[in-house]
There are 2 protein chains.
Amino acid sequence: MSGKKRATIVDVAEAAGVSMKTVSRVFNNEPHVRKALKDKVLRAAKALNYQPNVVAQGLVGRRSYLIGLVYENPSPNYVVELQHGALDRLHGERYRLVVLPVESVANVAGKMLGLLRSAALDGVVLTPPASDHRQILDELSESGFPFVRVAPTRYPDIGPSTMTDDVAAACDMTRYLIELGHRDIGLIKGDPTHSATEARLFGFSKALAEAGIAPRLDLIEQGMFTYESGIEAARRLLDRSDRPTAIFAQNDDMAGGAIMAAHELDLDVPRDVSIVGFDDSQIAKVTWPRITTVHQPVYEMARSATDMLVAMLENKPYENKLEHPYELVVRQSAAAPGSSG
Amino acid sequence: MSGKKRATIVDVAEAAGVSMKTVSRVFNNEPHVRKALKDKVLRAAKALNYQPNVVAQGLVGRRSYLIGLVYENPSPNYVVELQHGALDRLHGERYRLVVLPVESVANVAGKMLGLLRSAALDGVVLTPPASDHRQILDELSESGFPFVRVAPTRYPDIGPSTMTDDVAAACDMTRYLIELGHRDIGLIKGDPTHSATEARLFGFSKALAEAGIAPRLDLIEQGMFTYESGIEAARRLLDRSDRPTAIFAQNDDMAGGAIMAAHELDLDVPRDVSIVGFDDSQIAKVTWPRITTVHQPVYEMARSATDMLVAMLENKPYENKLEHPYELVVRQSAAAPGSSG
DNA sequence: CTGAAAGCGCTTACAG
DNA sequence: CTGAAAGCGCTTACAG
């Protein structure tokens with residue numbers, strides 16, 4: 001299958017007239033190799049088209065140079081952002097990224113460690129909701145399996161993590177709606193197994209409380225972070241006589257669904273109803289109108305989580321907690337009640 | 001770092017009172033192991049929480065059980081579909097999936113083999129435009145590196161591949177527009193380095209020729225398969241007095257951009273202009289109106305390509321070419337000229 | 001049906 | 001500054 005056989009460290013050593021240990025030293029950038037020898041080795045390696053065998057390096061070093069990225073997420077944009085953050089950090093390193101989407105985090109809890117071990121991963125980046133799943137965190141901690149958590153909202157003491165302040169972000173967004181003049185604000189919650197759902201609910205309530213607005217529980221609907229669930233939840237909110245003048249969907253996919261529901265009910269956004277989201281994912285730029293949202297630093301969180309993990313694996317120092325700033329992104333989907341922006 | 005040390009095959013052999021070769025036989029499902037011994041081994045393995053070390057297996061077998069997925073694609077939906085197709089096929093196997101997005105296929109040509117080798121991959125699934133890049137294909141073929149091509153449009157004799165008929169699909173879509181009554185149809189082409197761009201252009205011309213419609217080259221605009229490029233190309237087409245009554249964008253991201261451009265010019269879709277796309281990606285379901293498009297079997301192509309690759313690696317028989325059907329998906333973005341559907 | 005030996009391609013200790 | 005030996009955890013031949 002594989003044409004000519006690949007050259008090994010022994011081939012290079014023979015061609016260069018040195019021991020294989022010297023070749024090893026050169027390829028690992030160890031100090032104390034005379035320049036003359038080093039050049040000979042490099043020349044021989046080049047002639048033989050030598051590349052170290054990572055698998056052999058892995059066996060002796062008891063590691064695979066494989067990092068896993070665990071996610072359970074229906075949003076392609078979010079997933080791709082996570083992957084790019086992790087991959088960009090790994091660029092130029094020996095480590096490779098193995099993707100581990102799971103159907104349901106709850107279903108793999110208890111099997112996570114076995115899964116990671118059988119895949120021979122050196123460490124793993126956990127994203128929501130896995131990064132907040134107590135059983136998984138305990139399982140990994142107890143066995144000493146290296147992991148970093150992205151965007152956790154609870155158990156702050158378990159393991160290193162990167163995050164953004166979801167509570168503050170949701171609070172800011174709600175304040176923005178209140179400042180525009182909204183009082184009856186609907187909320188579409190996300191998947192209840194993601195703890196961001198709670199965090200964003202807290203931020204929402206906090207802003208209402210600050211403004212002295214009594215919360216209206218009848219304007220809170222459950223969604224699942226998917227587009228379809230956004231459509232359905234929004235229909236329930238909009239298809240009533242005392243409908244809210246604004247809707248805060250806990251992510252952009254659901255906000256997009258809400259906009260679709262409004263269109264279908266012949267309501268103008270933002271004149272008849274303002275709709276805002278959370279995440280700043282691609283969909284927020286492609287709906288009509290474009291969605292006012294919160295930019296979540298997904299790429300940055302994934303990137304710095306990967307950075308921490310690599311540091312852990314190499315026994316280098318690293319920050320244990322890193323918070324990345326969010327940002328309110330004002331587009332065209334929200335305006336003062338009755339105004340078209 | 002890693003808590004208790006993992007049990008090895010020797011530990012299990014000792015605990016079970018057999019040789020390590022017997023343990024190996026049990027875990028590889030080799031025949032000819034007496035049931036009594038097998039049970040003893042399994043019990044010992046369970047007690048020790050033993051899992052075979054893939055890295056060691058890899059070293060002796062001269063393989064890594066790692067499969068790569070190469071893509072250069074700006075569309076998250078497309079990428080995630082590809083990944084899921086590949087992952088679903090790999091589920092339950094020893095193989096893991098390593099993602100290899102590249103900034104530009106042209107830039108890695110010549111370095112592809114080195115990249116795959118240094119990552120110690122057993123084989124690779126190549127997607128557009130890498131699957132059509134002559135230099136990359138030659139490089140891999142010559143060295144005997146196992147690969148399968150997804151959606152190639154040229155060099156049909158190089159290596160196994162899975163595909164769909166882009167020419168026929170684009171032709172069908174164009175016929176659909178013609179049947180609706182359109183004669184002046186604009187075309188937004190995709191990235192010129194992707195050969196699907198050509199294939200879809202051929203299908204477009206073919207349908208026009210069949211219908212006896214003279215092609216209007218001034219209605220052909222260049223895009224890059226991105227949302228932004230769709231906006232810009234559509235603006236050029238729509239911002240003229242003799243604007244087309246329909247626009248065929250070569251993918252959904254650009255079609256979505258075209259719809260945005262129409263909105264911004266205060267044109268109603270489909271009454272003032274029909275807009276259709278290609279791919280059936282998420283964006284086609286979330287714009288207003290939803291986009292009439294062609295469903296491309298991305299998941300299926302990736303899945304069966306991965307299936308072929310695994311068969312190659314295990315020296316099992318496999319189909320060399322597999323064509324998956326496409327499907328016209330009629331939504332609300334196209335109608336007879338001047339009609340709103 | 002079962003096992004003892006050799007070796008996959010490297011790095012880790014240890015010597016000099 | 002350089003190298004010879006041992007070993008990482010398995011499987012591939014080969015014996016019996």
Side-chain angles (χ1 to χ4, degrees), chain A residues 1-2 5-42 44-45 48-66 94 117-120 122 313-315, chain B residues 1-2 5-42 44-45 48-66 94 117-120 122 313-315:
Chain A
M1 187 120 304
S2 47
K5 245 178 66 189
R6 282 179 60 174
T8 71
I9 197 171
V10 174
D11 300 329
V12 177
E14 279 171 7
V18 300
S19 73
M20 69 178 187
K21 178 66 237 195
T22 298
V23 179
S24 171
R25 285 205 175 88
V26 171
F27 273 85
N28 290 296
N29 285 315
E30 285 176 34
H32 312 310
V33 182
R34 237 188 318 167
K35 181 137 186 354
L37 276 196
K38 182 168 177 175
D39 288 348
K40 263 209 287 191
V41 167
L42 256 17
L48 292 168
N49 195 16
Y50 171 71
Q51 286 183 308
N53 181 328
V54 211
V55 176
Q57 294 178 319
L59 181 58
V60 57
R62 261 172 234 94
R63 54 221 250 110
S64 61
Y65 296 103
L66 250 26
R94 204 176 292 186
R117 284 217 172 134
S118 76
D122 287 347
L313 296 175
E314 321 239 285
N315 293 311
Chain B
M1 188 121 304
S2 45
K5 242 178 69 185
R6 279 178 63 172
T8 72
I9 198 171
V10 174
D11 300 328
V12 177
E14 278 171 7
V18 299
S19 74
M20 69 179 189
K21 178 65 238 199
T22 297
V23 179
S24 171
R25 284 202 177 92
V26 171
F27 274 85
N28 288 296
N29 283 315
E30 286 177 36
H32 311 311
V33 182
R34 238 189 316 169
K35 180 134 189 353
L37 277 195
K38 183 167 175 175
D39 288 349
K40 262 207 289 191
V41 168
L42 255 17
L48 292 169
N49 196 13
Y50 171 70
Q51 284 181 310
N53 181 327
V54 212
V55 176
Q57 294 177 320
L59 181 57
V60 57
R62 260 168 235 98
R63 52 218 256 113
S64 61
Y65 296 101
L66 250 27
R94 205 176 293 185
R117 284 216 173 135
S118 75
D122 287 345
L313 296 175
E314 320 240 283
N315 292 310

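Scope of the values below: all heavy atoms of this structure, side chains included, with no hydrogens, waters or symmetry mates. In what follows, every chain begins at residue 1, and chains take the letters A, B, ... in the order their sequences are listed.
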*If only atom types and distance count, is the side chain of B/Arg6 paired as donor or acceptor with the main-chain N or O of B/Gln51 below 3.5 Å?*
yes
_Can you tell me if B/Tyr50 touches the phosphate of D/dC10, counting only side-chain N or O atoms and a distance under 4.0 Å to OP1 or OP2?_
yes
*Rounded to the nearest 0.5 Å, what separation is found between the CZ atom of B/Arg25 and the OG atom of B/Ser19?*
7.0 Å
*Between P of D/dG9 and CG of B/Leu48, the distance in whole Å*: 14 Å
What N/O pairs connect the protein and nucleotides 11-16 of chain C at under 3.5 Å? Give each pair on its own line.
unit_1 : atom_1 : unit_2  : atom_2 : d
C/dT11 : OP1    : A/Asn28 : ND2    : 2.9
C/dT11 : OP1    : A/Gln57 : NE2    : 3.1
C/dT11 : OP2    : A/Ser24 : OG     : 2.5

*Taking C-beta and beyond as the side chain, do A/Ile9 and A/Tyr50 meet within less than 4.5 Å on heavy atoms?*
yes
*Between C/dT2, D/dG3, D/dC1, which nucleotide gets closest to the side-chain atoms of B/Thr22?*
C/dT2
*Please determine, for C/dT2, whether a Watson-Crick or G-U wobble partner exists with both distances under 3.5 Å, and give it or none.*
D/dA15
*Whole-Å distance between C/dG9 P and A/Gln51 CD?*
14 Å
*With a 4.0 Å cut-off on heavy atoms, is B/Val10 in touch with a base, just the backbone sugar-phosphate, or nothing at all?*
nothing
*In Å and rounded to the nearest 0.5 Å, what is the CG to NE2 distance from A/Leu37 to A/His32?*
14.5 Å
*asked:* Rounded to whole Å, how long is the line connecting atom CZ of A/Arg62 with atom P of D/dG7?
replied: 12 Å
_Rounded at 0.5 Å granularity, tell me how far NZ in B/Lys40 sits from CZ in B/Arg34._
8.5 Å
*Quick one: list whatever passes salt bridge (Lys or Arg N to Asp or Glu O under 4.0 Å) with A/Glu14, sequence neighbours left out.*
none
*Nearest-Å distance for atom pair CG/P, residues A/Leu59 and D/dG7*: 14 Å
*Hey, is B/Arg94 close enough to B/Glu314 for a salt bridge, meaning N to O under 4.0 Å?*
no
_Using a 4.0 Å heavy-atom cut-off, does B/Phe27 contact any base of the nucleic acid, only the sugar-phosphate backbone, or nothing at all?_
nothing
*To the nearest Å, give me how far apart CZ (A/Arg63) and P (D/dG9) are.*
15 Å
*Residues from residues 11-19 of chain A lying under 4.0 Å of DNA chain C - heavy atoms*: none
*asked:* What's A/Val33 touching, base or sugar-phosphate or nothing? Going by heavy atoms closer than 4.0 Å.
replied: sugar-phosphate
*What is the distance from atom CG of A/Leu48 to atom OG1 of A/Thr8, rounded to the nearest 0.5 Å?*
9.0 Å
*Roughly how far, to the nearest 0.5 Å, is the OG1 atom of A/Thr22 from the CE atom of A/Met20?*
10.5 Å
*asked:* Output the rounded distance in Å from NE2 (A/His32) to C1' (D/dG3).
replied: 16 Å
